> 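Before anything else, here's the structure in question.
Chain identifiers are assigned alphabetically (A, B, ...) following the order of the sequence lines, protein sequences preceding nucleic acid strands; residue numbering begins at 1 within each chain. What you see is a predicted model; the values in this text were computed from it and never measured.
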Amino acid sequence: MLPAPPFSHGDFVAVLSRCATLAHLKQLHGRSVVTARAASQSTTFQLLRFASLRLSCLPYARRLFDSTPHPNVFLYSAMLSAYAAASPAQAYGHDALALFLRMLRRGRPAPNQFVYPLVLRAACAIGVQLVRSIHSHACKSGFHAYDVIRTSLLDGYSRYGMMLDARKLFDGLTERNVISWTALVSGYARAGKIGDAIVLFDRMPERDVAAWNAMITGCTQNGLFVEAVGICSRMVDEGFQLNGTTVSCVLSACGHLGMLKIGKVVHGYAWRSCVGFGSSVVNGLIDMYGKCGNLKEARWMFDEFSDRSLTTWNSLINCLALHGHSKSAIAVFDEMRDEGIEPDVVTFVGLLNACTHGGFVDEGLTYFKLMCDELRIEPEIEHYGCIVDLLGRAGRFEDAMNVINDMKVQPDEVIWGSLLNACRTHRQLELAEFSVRKLLQLNPNNANYVVMLANLYSEGGSWEEVTKIRKLMKEDIMGKKLPGCSWIEVDRKTHRFYSGDDAHPESEDIYDTLDELAASMEM
DNA sequence: ATAGGGTTAG
């Protein structure tokens with residue numbers, strides 16, 4: 001056999017950078033083996049990183065790792081990074097942790113300061129108890145002295161809302177930088193302490209794009225959408241360029257507000273700047289246009305975009321469901337499955353909502369079955385809400401109650417509310433009263449429920465029942481309710497509506513139109 | 001050669 005031609009390190013790096021598929025990488029790997037270049041762990045390191053980070057091929061990365069007789073600390077780190085980058089993170093947390101334990105058990109290679117942040121990310125995906133144990137391990141082994149590791153710990157605690165622990169770590173840092181500040185700010189925001197987050201953000205000595213993004217997301221997580229847009233504009237005023245993350249966060253805020261105008265401004269910004277139309281930006285645009293009612297534009301964006309992720313599909317399905325285009329939502333779902341995209345929990349929220357809105361009882365139940373039994377996705381409260389609604393509509397109250405009783409989570413207002421609604425259409429007085437009591441336990445301030453029950457009884461009621469309602473009303477729940485509010489932007493003007501108000505100048509026409517719509521819906 | 005903060009869908 002002829003000896004393999006020489007294959008320098010430079011050749012290797014050049015070829016690696018041009019690999020686009022796993023097949024390319026395998027060829028390069030093979031050539032590295034033949035030329036003995038693969039004997040060097042730094043070569044395996046490069047191949048492993050490329051397989052995991054650029055090609056997202058975790059199994060191949062792991063095979064590279066396993067084929068190395070005595071992996072050094074670089075290979076361990078690379079493998080831990082691969083697990084950290086894989087999604088969903090929880091799925092690989094245990095694998096990552098097992099690698100760390102193997103290092104400790106064998107005593108070599110000894111973990112270094114680069115290993116701890118990676119292990120902490122895995123620990124964080126599994127549970128806060130593990131964050132605690134890694135923390136104490138870091139203290140004992142002396143690695144706690146590293147600011148980067150303390151920042152990882154800070155982030156770990158803050159993700160579980162443990163802001164006192166996070167704060168302690170922050171205060172103990174030798175040097176604070178924009179990263180540790182940002183970790184703290186987003187921790188407070190996630191924990192719902194948005195006021196603290198804003199104060200800290202304003203006190204930050206230095207901010208970068210990620211810091212601004214953290215503050216913007218912090219606002220949207222707390223429902224402060226107007227503030228999120230405001231911070232974004234402050235960011236621009238202070239001379240920062242938005243990136244894809246900023247754009248998607250702000251578009252999400254615009255969607256929640258129905259601010260089509262500002263959404264279009266952001267769209268224009270993305271067009272002019274070098275942000276680019278990556279999947280996060282496009283997903284944000286689909287969501288924003290869809291939520292603002294411009295489904296045509298949303299659909300157009302979706303059709304024009306080829307690099308669709310799961311979120312892209314979910315955004316479109318959700319928007320269609322939101323606007324009552326149930327059949328289209330289902331069609332998009334089928335199309336998605338035909339393309340081999342695996343749906344997730346969020347997909348089914350949109351899909352089941354579509355079935356509920358469209359009154360597709362059998363389809364909804366079939367999809368719910370598909371989700372639970374075939375795809376093994378654990379349903380969340382939203383899914384149960386849809387199913388209870390569907391069964392209720394069909395008058396299948398026994399089934400509905402069985403679903404509620406079998407739920408692994410506590411039923412919420414949506415669940416009992418949709419059951420109550422169904423009881424009303426099917427004249428199930430007893431179950432209706434039961435639901436109302438449950439609703440009042442959950443939210444004693446909402447007088448609507450009592451009014452609904454009163455209406456029910458008054459339609460076919462007896463004196464005995466009237467007394468019941470009087471009693472419920474006495475439980476001092478009337479008059480405390482905050483009115484529901486919605487708004488819409490038309491020609492640069494925002495029109496705001498409270499439930500039942502007639503303050504709008506065109507109020508009469510609006511109610512007439514609503515009546516017409518209600519009538520045509522009943523047909 | 002490797003590490004810490006910011007994504008969007010309900």
> Quiz question: going by heavy-atom distance under 3.5 Å, is there a donor-acceptor pair between the base of B/dT8 and the side chain of A/Ser248?
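Check fails, no donor-acceptor contact within cut-off.
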> For A/Ala214, which contact category applies under a 4.0 Å heavy-atom criterion: base, sugar-phosphate, or nothing?
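Touches sugar-phosphate only.
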> Send over the distance from A/Glu382 CD to B/dG10 P, rounded to a whole Å.
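One finds 10 Å between P of B/dG10 and CD of A/Glu382, rounded.
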> Under 4.0 Å from OP1 or OP2 of B/dG5: is there any side-chain N or O of A/Arg121 that close?
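Yes, within the criterion.
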> Can you identify which nucleotide, out of B/dG4, B/dA9, B/dG6, has its nearest atom closest to the A/Asn177 side chain?
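From the listed options, B/dG4 comes nearest.
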> When we call it a touch if two heavy atoms are under 4.0 Å apart, what does A/Val178 touch: a base, just sugar-phosphate, or nothing?
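Base, at least one base heavy atom under 4.0 Å.
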> With heavy atoms under 4.0 Å as the rule, sort A/Arg176 into base, sugar-phosphate or nothing.
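Nothing, no heavy atom under 4.0 Å.
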> Just the rounded figure in Å: distance from C1' of B/dG4 to OH of A/Tyr116.
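Rounded to the whole Å, the gap is 16 Å.
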> To the nearest Å, give me how far apart CE (A/Met79) and P (B/dA3) are.
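Result: 15 Å.
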> What's A/Asn283 touching, base or sugar-phosphate or nothing? Going by heavy atoms closer than 4.0 Å.
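Contact class for A/Asn283: base.
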> Just checking A/Thr217: base, sugar-phosphate only, or nothing, at a heavy-atom cut-off of under 4.0 Å?
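If one applies the 4.0 Å heavy-atom cut-off, A/Thr217 turns out to touch the sugar-phosphate alone, with no base involved.
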> Check every strand shown and say whether A/Arg49 touches a base, only sugar-phosphate, or nothing at a heavy-atom separation below 4.0 Å.
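Result for A/Arg49 = sugar-phosphate.
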> Does the ring of A/Phe114 meet both stacking tests against the six-membered base ring of B/dT2: centre distance under 5.5 Å and plane angle under 30°?
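By the stated criterion, A/Phe114 and B/dT2 stack.
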> Between A/Arg159 and B/dG6, is there a side-chain N or O to OP1/OP2 distance below 4.0 Å?
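So the side chain of A/Arg159 is within the cut-off, an N or O lying under 4.0 Å from OP1 or OP2 of B/dG6.
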> Any base atoms under 4.0 Å from A/Ser152, or only sugar-phosphate, or nothing? Heavy atoms, all strands.
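The answer is sugar-phosphate, as A/Ser152 gets under 4.0 Å only of primed atoms, P, OP1 or OP2.
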> Strictly below 4.0 Å: does A/Lys291 bring a side-chain N or O up to OP1 or OP2 of B/dG10?
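Yes, A/Lys291 has a side-chain N/O under 4.0 Å of OP1/OP2 on B/dG10.
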> Do A/Asp147 and A/Glu175 touch side chain to side chain, with heavy atoms closer than 4.5 Å?
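Answer yes - side chains close enough.
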> Which part of the nucleic acid, if any, lies within contact of A/Ser252, taking any heavy atom under 4.0 Å across all strands shown: a base, the sugar-phosphate backbone alone, or nothing?
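Contact class for A/Ser252: sugar-phosphate only.
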> Is it the case that B/dA9 (base atoms only) and A/Asn314 (side chain only) share a donor and an acceptor within less than 3.5 Å, ignoring hydrogens and angles?
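Answer yes: a donor N or O sits under 3.5 Å from an acceptor.
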> Out of B/dT7, B/dG5, B/dA9, which has the shortest distance to the side chain of A/Gln221?
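Nearest to the side chain of A/Gln221 among the choices is B/dT7.
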> Look at the side chain of A/Ser280 and decide which nucleotide, out of B/dA3, B/dG6, B/dT7, has an atom nearest to it.
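In terms of side-chain proximity for A/Ser280, the closest of B/dA3, B/dG6, B/dT7 is B/dT7.
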> Does any N or O donor sit under 3.5 Å from an N or O acceptor when you compare the side chain of A/Thr151 with the base of B/dG4?
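By the distance-only test, yes, there is a pair.
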> For A/Arg190 and B/dG5, what is the distance between atoms CZ and C1' respectively, to the nearest whole Å?
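In whole Å, B/dG5 C1' lies 9 Å from A/Arg190 CZ.
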> Could you tell me whether A/Arg234 and A/Asp202 have a side-chain N and a carboxylate O separated by less than 4.0 Å?
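A salt bridge links A/Arg234 with A/Asp202.
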> For a quick check of understanding: with a heavy-atom distance under 4.0 Å over all strands, which category does A/Val115 fall into, base, sugar-phosphate or nothing?
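Since no nucleic acid heavy atom lies under 4.0 Å of A/Val115, the category is nothing.
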> Taking the six-membered ring for Trp, are the ring centroids of A/Tyr289 and A/His267 within less than 6.0 Å of each other?
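Between A/His267 and A/Tyr289, which both carry aromatic rings, the centre distance is below 6.0 Å.
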> B/dG10, B/dG4, B/dG6: which one has an atom nearest the side-chain heavy atoms of A/Asn213?
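Of the options given, the side chain of A/Asn213 lies nearest B/dG6.
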